[in-house]
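Note that the structure is a prediction, hence the values are computed from the model and not measured. Counting starts at 1 for both ligands and their atoms, in listed order.
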Amino acid sequence: MKLATKFIHAGVEPDPSTGAIMTPIYQTSTYVQAAPGNNKGYEYARSQNPTRFALEKAMAEIENGKFGLVFSSGVAATDAVIKLLQPGDEVIAANDMYGGTYRLFTKVFEKFGIVFKYVNMQDLRNIQPLINKNTKLIWAETPTNPLMNIIDIAAVADLSKQCNALLCVDNTFASPYLQNPLDLGADIVMHSATKYLGGHSDVIQGSLVLNDAALRDQLYFIQKSCGAVPGPQDCFLVLRGIKTLHIRMQRHCENGEKIAHFLRNHSRVGKVYWPGFEDHPNHAIAKKQMRGFGGMISFELKDDSTEEAKRVLSATKVFALAESLGGVESLINHPATMTHASIPREERIKNGLSDSLIRLSVGIEDVDDLIDDLKQAIG
Ligand SMILES: Cc1ncc(COP(=O)(O)O)c(C=O)c1O
């Protein structure tokens, strides 16, 4: 099936009891059994829920995988992947990724003896020296949040196979419309479904998609044992979001492109981070592994101060100042004090995340209104 048809029909069948075309929200915690052990395949909703199962099937289909698992948030999905590991196991992770992932790794899992090594993954030669017999997982995010760096998924997948480590790719920024990491050799694809998949800023959710049945069983065991499952209403919202993912993403990409060029030509704007520019250092890889360049853009101000950034951030009227991304409405964010505040300043600056860096999640409003709003705010 072509993408548009797949997004609309993935995972959903008319409800067997009524024929309802939309998957019902099975708002129940338990299921009545005819006799002990005699049930309809559903015992308790932490382990099984039909609305959740429909979404898990949809996720697998749209990421070209065999199995999907959904969680109560993106970080809960990441948490489940790290719980596959034992003390002493090592993870190689990108040094430029979502601050909450970094916080989970450093503040929660390091104390259980998991070792994390951070590296600039755009240059593969940086990864090789960190690999040893304890390397069990490579964690990549591409495009990265917020610097829009691109990691070559197929090349990192080759490395992970050589050392028998799993490769998990956080595909949140691209969404399955723009990129499918499993097709490029990744073992697990992770999403904060809160973002483009939900698409309307009304749900917190995460998901994993994979092909290996034994790995799926291990992750399902973690999902039901640790209990970070989403409620059926939230699963319904993401199922509904997926149906329009392709048309939303098309507009995010169109608006993103126009705004990236507008910013680049603005006299008060410094560097603009957007992988669609031909001189972006990883443009060729982005072109190879993505179907478009998305609506996420970061930029620095020529006056690289927190004060100047705050002035711009407080002046927009259409772009709402808020964390998160991927919704139909445009958002503006200050990574240094908001999404990435958990990364110490020294570490942040070292990784290229400056004080004035501003991140835009370009929505699907009329692009002229968005440009006018930025014009008046930047001044
Ligand atoms: C790239 C990326 N990964 C993971 C997450 C975490 O997802 P959630 O907020 O749904 O837990 C986020 C949230 O901003 C994100 O941007």
Are there any protein N or O atoms under 3.5 Å from the N or O atoms of ligand 1? List them with distances, or say none.
residue	atom	partner	partner atom	Å
ligand 1	3 (N)	Asp170	OD2	2.6
ligand 1	7 (O)	Ser192	OG	3.0
ligand 1	10 (O)	Gly74	N	2.9
ligand 1	10 (O)	Ser192	OG	2.8
ligand 1	10 (O)	Thr194	OG1	2.7
ligand 1	11 (O)	Gly74	N	3.0
ligand 1	11 (O)	Val75	N	2.9
ligand 1	14 (O)	Lys195	NZ	2.6
ligand 1	16 (O)	Asn145	ND2	3.2

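Criterion: ILVMFWY side-chain heavy atoms under 4.5 Å apart, direct or through other members. Under it, Met338 and Met97 are not part of a common hydrophobic cluster. Cluster membership for Val81 and Val70, using ILVMFWY side-chain heavy atoms within less than 4.5 angstrom, is not shared. Following chains of ILVMFWY side-chain contacts shorter than 4.5 Å, one cannot reach Tyr196 starting from Trp274, and the two form parts of different hydrophobic clusters.
With a 6.0 Å radius and a threshold of 12 heavy atoms from other residues, nucleotides or ligands, Lys310 has its NZ atom at or below the threshold.
Between the side chain of Ser192 and the backbone N or O of Thr172, no donor-acceptor pair lies under 3.5 Å.
Between Arg240 and Asp202, no side-chain nitrogen of the basic residue sits less than 4.0 Å from a carboxylate oxygen of the acidic one, so the salt-bridge criterion is not met.
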